[in-house]
Every structure is written in C-alpha cells, then in structure tokens.
Amino acid sequence: MIIIHQMAKVGSTAIYNALNRAGIETLQTHNLGEQHLIHNIRSFLNPMYPVERLRNELGLFNEQIIASKQIELSRLPGNPRQKIITLSRDPVIRWFSALVQNFSFLKPNVDIFFEEQNGKPPVNDLESFDCIFNAMLKMISQSDGMLGSDEFKQHFLHTKHLESENSNNILRQIGAELMVPFTWFQSNILDLIGIDIYAQPITDGLLITGNKCFDLLYIKFENLRRERIRTEQVISEFAGKEIKLISENVSHGKEGFDALQELEDKYFPLFMDCPNIRNSIYCRHFNYPEPS
C-alpha cells in the first residue's frame, strides 16, 4: 500500500490514478491522525458547512480513517515500513486552483464582502473576487511576519483588518486556503511521521527520504509536466512497479474558472513579489516562484 498524503490541489490525482492502473493499493489523504480526524468531524457538523460539500468529501474522509490506522500500525515493531508520497506546489497558483474547486460555496460570501465594502452589489464575479484579492494583498503586506510564522498567524486571525466583522470573517475564509502550504509540512509530515523535509536539500524537485517506520517520496508539482519522464522513473523506483503518468486538469471548465484565471494572471506577480510570501520558509525551500 502507498499513501499519497498531500495538501489539496497539488496534482496528486494523476499519481493516484497511475498507481491504481499499476495495480498498487493506494490511499489519498489531505491530513491524517486522530487530531485531524476530530477536527474534520467538527467541521462537518458546523452549521455553516454545506451538505453538498460534505458529500463530496466523505470519500476522502473514509480514506483518511484507513490511512491514519495504517500509519499507527507502521509504528509497531515488526511491521513493514509505510510508503508515503507528498507534493508541493506554488502557493499562490495552488490557492487560485482551490478557489475554483470551492467556487460555488465561496461566491455568495464574496458577493456579500463586495457589497459591504462598496455599498452596491458586484457587476460580476470578476469584480467581486478582484475586491477581496486586493484586500487580501493589503492584509498580507501589512503584517510584520512571513506566512507560516506565529506572528503572521496572530495578524491573520486576530487583527481587525476591516470595519465590518462580517467582512473580516469572509476575508479570513478566503485567505485560509492560501495559508495552508506554509504550515502543512510541519503539521502533516514532521509532526505526523517525524521527517523534517525542511532539513533536507531539494535541488531537482524530487526527494526520497525516510526513517525507521516510513519511506517518503517528495515531488514538486511542477515536475509532473516539466520533468515527467524523470518523475515517472523516480515514482516507479519508489513503488517497485513501472508507473506511467497522464496529465489531468480537473479545474478547467468549472464554474468560476475563467474569471479566476484572469485574476490569477493579474495577482500572481503581486502576491509573489510580497516579501512576506516570497521570503517564507516554504517558498525558499521549494524554490517558489520558479525561475522564469
């Protein structure tokens, strides 16, 4: 069995499907362990959590339960080492991809945010999301800490960024997914399996490492297309079977894709030029933004 354990929207579906085609039992998870399982249940039961979204995520939750059990079994003496694959992706591009994925759930609140800030309803999705992205950029730029730091966490969660508390809550809702990459490898790799990926140099977007209980393969998302053949070779070596990747884009054509793609083109350089993002541990270690 191989567990693909990664944050959402980093291209893991292509690897998951490739491993399944090769006949390898594979689980796909975004977070693992008892603490995260309890957190997810609480989120699911929150009145603000849409039933439709819950139904969409139950499959992943089932795999999360099984994978969490497998992780614990791998710690027991005499049991085989568990193989885990994880990935990173440019944090801003990943954020926009996550917003497309959750567009239908986020759009009503983004429209409310625009109307509260401007005293009128937005003309279209482009206008409403442009307004909240601009507010996000200001909020990040005004922080004294880099993303991933305790200083930034306090700034993000506890500073009154806008006069309306409802607008503040919506701003945090939209920004929460952007924050994920900057702490994910600490809470979901280091704390979970005891491997510090930040303590190991990554020069070509690939790394195989491990400890007495786990084997870990790290893949940079951008390698899936740019270095596909080399990445296939490394995954095949790690899995013990020949693996063939097929590129998959599950966001293209979804509701909100065109508007958010246009805004990504506008805001990507602005966010990545912000020192509080560019100089973060995450961006420096995984080499984001990529050299042009």
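- Around the CD atom of E163, the shell of radius 6.0 Å holds no more than 12 heavy atoms that belong to other residues, nucleotides or ligands.
- Q82 places a side-chain N or O within donor-acceptor distance of the main-chain N or O of M1, the cut-off being under 3.5 Å.
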query: Would K69 and E72 count as a salt bridge (Lys or Arg N to Asp or Glu O under 4.0 Å) if you check the C-alpha gap in whole Å, the side-chain angles of each, and the deciding distance to 0.1 Å?
result: CA-CA 5 Å; K69 181 68 173 180; E72 292 309 312; over 6 Å; no
message: With side chain to side chain contact (heavy atoms under 4.5 Å, CB included) as the criterion, how do L32 and S68 come out once you've worked through the C-alpha distance, each side chain's angles and the decisive distance to 0.1 Å?
response: CA-CA 5 Å; L32 291 173; S68 294; 3.7 Å; yes
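- With Q186 contributing its side chain and G148 its backbone, the two residues share no donor-acceptor pair below 3.5 Å.
- Residues A18 and K244 come closest through the heavy atom pair CB-O, 3.4 Å.
- Taking the charged nitrogens against the carboxylate oxygens, E177 and K9 have no contact shorter than 4.0 Å, which rules out a salt bridge.
- For S141 (side chain) and K138 (main-chain N/O), no donor-acceptor pair under 3.5 Å exists by modelled atom type.
- A donor-acceptor pair under 3.5 Å is absent between the side-chain atoms of R89 and the main chain of W95, judged by distance alone.
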message: Could you go through I219 and L206, starting from their C-alpha distance and side-chain angles, then the distance that decides it, and tell me whether this counts as side chain to side chain contact (heavy atoms under 4.5 Å, CB included)?
response: CA-CA 5 Å; I219 301 169; L206 296 163; 3.9 Å; yes
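- Looking only at distances, a side-chain donor or acceptor of R81 sits under 3.5 Å from a matching main-chain atom of N211.
- In this structure the side chain of E165 reaches within 4.5 angstrom of the side chain of N168, judged on heavy atoms.
- Ring centroid separation for the pair F133 and F96 comes in under the 6.0 Å cut-off.
- When the side-chain contact (heavy atoms from CB on, under 4.5 Å) test is applied to K212, no partner is found at least two apart in sequence or on another chain.
- Considering only residues two or more places apart in sequence or on other chains, C131 meets the side-chain contact (heavy atoms from CB on, under 4.5 Å) condition with F113, F114, Q117, N118.
- Under the 3.5 Å distance criterion, the side-chain polar atoms of Q64 are left unmatched by any main-chain donor or acceptor of T29.
- Residues L157 and L162 are members of one and the same hydrophobic cluster, defined by side-chain heavy-atom contacts under 4.5 angstrom among Ile, Leu, Val, Met, Phe, Trp and Tyr.
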task: Any chance you could lay out the side chain to side chain donor-acceptor pair (under 3.5 Å) test for Q6 and Y16, step after step, and finish with the verdict?
output: CA-CA 11 Å; Q6 75 317 307; Y16 178 82; over 6 Å; no
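- Between K266 and E262 there is no salt bridge, since none of the side-chain N atoms of the basic residue sits less than 4.0 Å from a carboxylate O of the acidic one.
- Between the side chain of N287 and the backbone N or O of E290, no donor-acceptor pair lies under 3.5 Å.
- Cluster annotation: L216 is connected to I208 through the hydrophobic network of ILVMFWY side chains, with a link wherever side-chain heavy atoms come within less than 4.5 Å.
- Hydrophobic clustering (side-chain heavy atoms under 4.5 Å, transitive across Ile, Leu, Val, Met, Phe, Trp, Tyr) keeps F257 apart from F105.
- Cluster membership check: M7 shares its hydrophobic cluster with M272, using side-chain heavy-atom separations under 4.5 Å among Ile, Leu, Val, Met, Phe, Trp and Tyr.
- Residues L178 and V92 share a closest heavy-atom pair of CD1-CA, 4.4 Å.
- Aromatic ring centres of F129 and F103: separated by under 6.0 Å.
- Checking I2, I243, L87 one by one against I15, the side chain to side chain contact (heavy atoms under 4.5 Å, CB included) holds for a single residue, L87.
- Residue I229 qualifies as open at atom CD1: its count of foreign heavy atoms under 6.0 Å is 12 or below.
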- request: With side chain to side chain contact (heavy atoms under 4.5 Å, CB included) as the test, would you mind laying out the steps for Y218 and I189 before giving the verdict?
  value: CA-CA 11 Å; Y218 158 78; I189 297 295; over 6 Å; no
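- Here K107 pairs with D111 in a salt bridge; the nearest charged N to carboxylate O distance falls below 4.0 Å.
- The hydrophobic clustering, which links ILVMFWY residues whose side-chain heavy atoms are closer than 4.5 Å, places I84 and L73 apart.
- Listed by first and then second residue, the ring pair (Phe, Tyr, Trp, His ring centres under 6.0 Å) pairs involving residues 166-207 are H5-W184, F182-Y282, F185-F286, Y198-H285, Y198-F286 (not counting sequence neighbours).
- The closest donor-acceptor contact from the side chain of R75 to the backbone of C213 lies at 3.5 Å or more, if one exists at all.
- Of all heavy-atom pairs spanning F156 and G175, the tightest one is CZ-C, 3.8 Å.
- A donor-acceptor contact shorter than 3.5 Å is absent between the side chain of S143 and the backbone of I140.
- Here the side chain of D130 pairs no donor or acceptor atom with the backbone of L126 at under 3.5 angstrom.
- No more than 12 heavy-atom neighbours from other residues, nucleotides or ligands sit within 6.0 angstrom of CG on D144.
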